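See below for the structure under consideration.
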Amino acid sequence: MGFADQRFNVNLSILFTELPLLERPAAAAAAGFTAVELWWPWIDSPTPEQSELDALKSAIEDAGVQLTGLNFYAGRLPGPDRGALSIPGEESDRFGANIDVAADFAQSLGCTALNALYGNRVEGVDPADQDRLALENLVLAARAADRIGAILLIEALNKPESPLYPLVSAPAAVEVVDKVNEATGLGNAKFLMDLYHLSMNGEDLPQVIDAYAAKTGHVQIADNPGRGAPGTGSLPLEDLLDRLAKAGYDGWVGLEYKPGDAPSAQSFTWLPAGARAAR
């Protein structure tokens with residue numbers, strides 16, 4: 001077992017960001033990867049012009065890489081926002097307008113995982129009201145994902161970096177997963193297990209893996225401290241991924257780490273070139 005036995009994709013919203021968006025898929029391919037994922041690329045627009053969607057689709061197809069994961073509109077990310085779906089008013093409306101746009105774009109590229117970030121708590125708004133709104137929007141998102149044969153991912157972030165985000169533990173995120181599945185009856189809501197975020201929360205990662213591997217639809221990694229490439233911190237990522245595999249997880253592992261000061265292409269020395277292409 002080990003890194004060479006995993007299926008990795010590259011998150012083009014945190015890696016290769018020294019390049020324009022449309023050049024990143026080809027850069028990932030040149031580094032030896034055959035699969036990529038993205039946060040919603042148009043932070044100011046949940047409904048970009050069709051020409052912009054088409055240009056990104058062509059860039060991904062021309063590079064010969066597979067889009068395996070896509071976020072719904074989540075506000076300013078990177079930035080102060082952590083999603084839109086639980087925020088009353090304009091942001092929730094923008095999320096709603098984005099649902100079918102994101103789902104249709106994902107479908108056009110054969111992408112079968114859509115991530116819906118929950119959104120920060122808003123001062124002066126009852127958290128229970130935000131949670132009710134969130135469930136309504138997540139149900140709509142789950143149905144849109146089901147329409148294209150995709151899963152809906154719900155992610156736990158970390159409290160130190162996202163103090164206003166309410167889902168800052170694996171149990172909190174999985175509780176929302178269960179509520180969405182109960183509400184829809186579809187069973188396509190899954191946990192996004194980001195080992196970096198969970199480690200920042202001080203969670204027992206082997207215990208989390210054993211408890212929630214069966215409900216996990218996607219895994220993301222970065223080392224801690226620093227959110228750098230594997231080997232730059234102290235997380236036993238190779239062992240943790242082996243444990244996930246033994247627990248039955250056979251899905252994608254997203255590389256969602258900061259490349260440091262060097263170009264992104266130089267941040268993959270921890271992974272042999274022959275292990276980068278999806279198998």
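Everything numeric in this text was worked out from a predicted model, so none of it was measured.
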Take E203 and S169, measure what side-chain hydrogen bond (donor to acceptor under 3.5 Å, both in side chains) needs, and give me the verdict at the end. CA-CA 8 Å; E203 297 184 65; S169 71; 5.0 Å; no

Check: Y73/R94 side-chain N/O donor and acceptor closer than 3.5 Å: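 Short answer, yes.
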
Any residue meeting side chain to side chain donor-acceptor pair (under 3.5 Å) with D210, in chain and number order, not counting sequence neighbours: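 In terms of side chain to side chain donor-acceptor pair (under 3.5 Å), with neighbours along the sequence ignored, D210 is linked to R243.
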
Mind checking what makes side chain to side chain donor-acceptor pair (under 3.5 Å) contact with R147, not counting sequence neighbours?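 With sequence neighbours excluded, R147 shows a side chain to side chain donor-acceptor pair (under 3.5 Å) to D100, D104, given in chain and number order.
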
Do V36 and F16 have side-chain heavy atoms sitting under 4.5 Å apart?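 They are not in side-chain contact.
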
Between S13 and L38, is any pair of side-chain heavy atoms under 4.5 Å apart?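 Yes; the side chains approach each other to less than 4.5 Å.
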
State the CD1-CG distance between I99 and L114, to the nearest 0.5 angstrom.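 Answer for the CD1-CG pair, I99 versus L114, is 10.0 Å.
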
Taking every non-hydrogen atom, the tightest pair across A150 and C111: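 So the minimum-distance heavy-atom pair works out to CB-O, 4.4 Å.
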
From CA spacing to verdict: side-chain hydrogen bond (donor to acceptor under 3.5 Å, both in side chains), N201, N158: CA-CA 6 Å; N201 288 327; N158 75 77; 5.9 Å; no

Could you give all pairs that pass the ring-ring contact (aromatic ring centres under 6.0 Å, His included) test and reach residues 39-64, with sequence neighbours left out?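 Sorted result for residues 39-64: W40-W42.
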
Residue pairs fulfilling ring-ring contact (aromatic ring centres under 6.0 Å, His included) with at least one residue in residues 95-154, sequence neighbours excluded: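 Applying ring-ring contact (aromatic ring centres under 6.0 Å, His included) to every pair that reaches into residues 95-154, excluding sequence neighbours, yields F72-F95.
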
Can a donor-acceptor pair be found, under 3.5 Å and without considering hydrogens, that links the side chain of [X] to the backbone of [Y]?
| X | Y | answer |
| --- | --- | --- |
| R276 | A31 | yes |
| N9 | A35 | no |
| D223 | G233 | yes |

By the rule that ILVMFWY residues connect when side-chain heavy atoms come within less than 4.5 angstrom, directly or transitively, which residues belong alongside V122?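 V122 shares its hydrophobic cluster with I87, V125.
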
Between K179 and E175, is there a salt bridge with N-O shorter than 4.0 Å?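 Salt bridge flag = yes for K179 with E175.
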
Any salt bridge linking D131 with R121? Criterion: basic side-chain nitrogen under 4.0 Å from a carboxylate oxygen.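 Answer for the salt bridge query: yes.
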
Taking salt bridge (charged side-chain N to carboxylate O under 4.0 Å, His left out) as the cut-off, I'd like each qualifying pair that reaches into residues 19-35, sequence neighbours left out, listed once.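 Sorted pair list comes back empty.
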
